[in-house]
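Taking it in order: structure first as structure tokens, then the write-up.
Protein chains get the first letters and strands the later ones, always in sequence-line order, with residue 1 at the start of each.
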Amino acid sequence: MSPPNTVERLRKRSQFLLVRNGYRAVRPTVLIEARQRAPDGPIGLGFTASSKIGGAVVRNRAKRRLREAARQALPEFGQAGVDYVFVARRGTPDAAWDALLDDVRNALIRLRAELAEGRAERAPWPRSKRPSPPKESE
RNA sequence: UCAGUCGGCCGGACGGCCGCGGGCGCACGUUCGAAAGGACGCGUUCGAGGAAAGUCCGGGCUCCACGCGGAUACGGCGGCGGGUAACGCCCGCCGGGAGCGAUCCCAAAGAUCGCUUUUAGGGAUAGCGCCACAGAGAAUAGACCGCCGAUGACCCGGCGAAAGCCGGGAACAGGCAAGGCUGAAACGGUGGGGUAAGAGCCCACCGCGCCAACCGUAAGGAAGGCGGCACGGCAAGCCCCGCCGGGAGCAAGACCGAAUAGGAACACGCGCCGCGCAAGCGGCAGGCCCGUCCGUGGGUUGUGUUCGGGUUGGUCGCGAGAACCGUGCGGCGACGCACGGUCCAGAGGAAUGGUCGUCGCCUCGGCAACGAGGACACAGAACCCGGCUUAUAGGCCGACUGGCGUU
């Protein structure tokens, strides 16, 4: 049994691709994907910012803000054994900090509900929820 | 003091709290993993740029290839000298172009000198090719207008006895290339002589070409002499000459290192039955595999250890150097040398962030105090250096040019 709410970064492209098959919550400043990897264990965490939202400076800033938001929100709202991927949107770099943090908390709460529901119904792959896969950042 | 051009430099500052990556020290435990190895604690310290960018040149480093020399092909470079590890970079100089000023000069043209600025600048008698449009003519040029011929052949009219005179029109052969026109460029310019008209045909000055004392390391400069003048431009067209160049790149490359399959070495073992002289074949049992246990079915077949190989994965490569800062000396300068001091990012889905305060800057409102807003120019290291190019709000310093003001 691992300590509660420890976080491990996702490092492999294959890990990111798996999470894309899970649930997703869209907010104006962020898109969060989540998938129940195991019933327990550390939280998995990854970040993605495609070249669609800007150059290297903008993408780095977006990822940093998302990382800081995750640091503040995940211990409270994250679920053990779940992999999360935070995808930056066009508004991520310039949004007010409070709004961004609010969107992240909100999305995490929503995902917690969907995960619990999905586990109860034993329907872990709602693949119909994805009309078009987002562009993968390198 | 203001504006413009050029060159150099900086490119938000300080602090509180929380967080992230690397180094070092202390803990030496927990956890993930087959292993290699990784993650997690506390303290301390360091933590993006002048372009980190484009990936256009030059190197280091790594692997591959490679006897030596030459030739050819391909690619790059191209005034000279210097700097440099090297360069297509930098510095100085030479030559050419442009602008301004001064002098020579009646003036113009031109020359000389000074300042500023610009320039890929070997070869056009090695050869080939091209020179659009316009224009008469574009390369051993050409004759459209024009000039001469023309003090007028010839024609018409008038006068006259005639010779002829007056008025009007006007051609050929032939000569010329001054003037006009076109053009990026027209086979020297100005003045005079000369001539039917002209022409370097001749002369003076200027320009040009050839030779050249002497000066300079050299590119090159040049006193002087000779020549009536010939030799157009383009080589970022082919080309010729000289010099340089092996290829691929940190996803280079090195090491560690499961399972499975296949390989090698050594040790030990090779049951029972049938057939067969033997080699061997078949069956049974056993072992192993099909996730585990039981059952059933199937497959496979000596066992163990070690070596080698290398996949997933992991570690290294990875930052003390063509380093930075200061002082002194040499050099016009690029830069070099000496001495002293400093350690200055190393990620790997990729750290340098979040928030708050004070100040600065910009925008808006306001007479002002002040208030509101602003992720406040361009932009994010990825093996490392030297350059070039491109992007860049705002600010500082210097030089030159011009305007205004003051003495």
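- Rounded to an integer number of Å, the gap from A:D102 CG to B:U355 C1' is 17 Å.
- Atom-to-atom, CG of A:N60 to P of B:G49 comes out at 15 Å; the value is rounded to the nearest Å.
- Closest contact between the side chain of A:R65 and the listed nucleotides B:G349, B:A379, B:U355 involves B:U355.
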Might you list the N or O atoms of the protein lying below 3.5 Å from N or O atoms in nucleotides 16-20 of chain B, with each pair's distance?
| residue | atom | partner | partner atom | Å |
| --- | --- | --- | --- | --- |
| B:G19 | O4' | A:R71 | NH1 | 3.4 |
| B:G19 | O2' | A:R71 | NE | 3.4 |

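- B:C90 and B:A108 are spaced 46 Å apart, taking the C1' atom of each and rounding to whole Å.
- For the pair A:D98 CG and B:U355 C1', the computed distance is 10 Å after rounding to whole Å.
- Atoms OG1 and CG, from A:T29 and A:L66 in turn, are 8.0 Å apart once rounded to the nearest 0.5 Å.
- A:R67 and A:F47 make their closest contact through CA-CZ, 3.4 Å (heavy atoms, listed as atom of the first residue, atom of the second, distance).
- Distance A:R64 CZ to B:G349 C1': 14 Å, rounded to the nearest Å.
- The gap from the P atom of B:G221 to that of B:G328 amounts to 44 Å, rounded to the nearest Å.
- Using atom C1' as the reference point in both B:G257 and B:G309, the two lie 12 Å apart (nearest Å).
- If you take CZ of A:R59 and C1' of B:A382, they are 14 Å apart, rounded to a whole angstrom.
- Remark: P of B:A48 and CZ of A:R61 are 17 Å apart, rounded to the nearest angstrom.
- Across B:C359 and B:A372, the matching P atoms stand 12 Å from one another, rounded to whole Å.
- Here the separation of B:G394 from B:U55, taken at their C1' atoms, is 30 Å to the nearest Å.
- With rounding to the nearest 0.5 angstrom, the OG1 atom of A:T92 is 8.5 Å from the CZ atom of A:R65.
- B:C80 and B:A134 are spaced 44 Å apart, taking the P atom of each and rounding to whole Å.
- Here the C1' atom of nucleotide B:G349 and the CG atom of A:L66 are 13 Å apart, to the nearest Å.
- The CZ atom of A:R35 sits 14.0 Å away from the CG atom of A:L111 when rounded to the nearest 0.5 Å.
- Salt bridge annotation for A:R71-A:E68: present, with a cationic side-chain nitrogen under 4.0 angstrom from a carboxylate oxygen.
- As the counterpart of B:U182, no nucleotide is assigned, since no Watson-Crick or G-U wobble pattern has both distances under 3.5 Å.
- Between A:Y84 and A:Q79, the closest side-chain pair of non-hydrogen atoms falls below 4.5 Å.
- Using P as the reference atom, B:G81 and B:G123 are 16 Å apart when rounded to the nearest Å.
- If you measure from atom CH2 of A:W97 to atom C1' of B:G353, you get 9 Å, rounded to the nearest angstrom.
- Here the side chains of A:F86 and A:V104 are in contact, with some heavy-atom distance below 4.5 Å.
- When the C1' atom is used for both B:C206 and B:A109, the distance is 9 Å, rounded to whole Å.
- Formation of a donor-acceptor pair under 3.5 Å by the A:R89 side chain with backbone atoms of A:R27 is found in this model.
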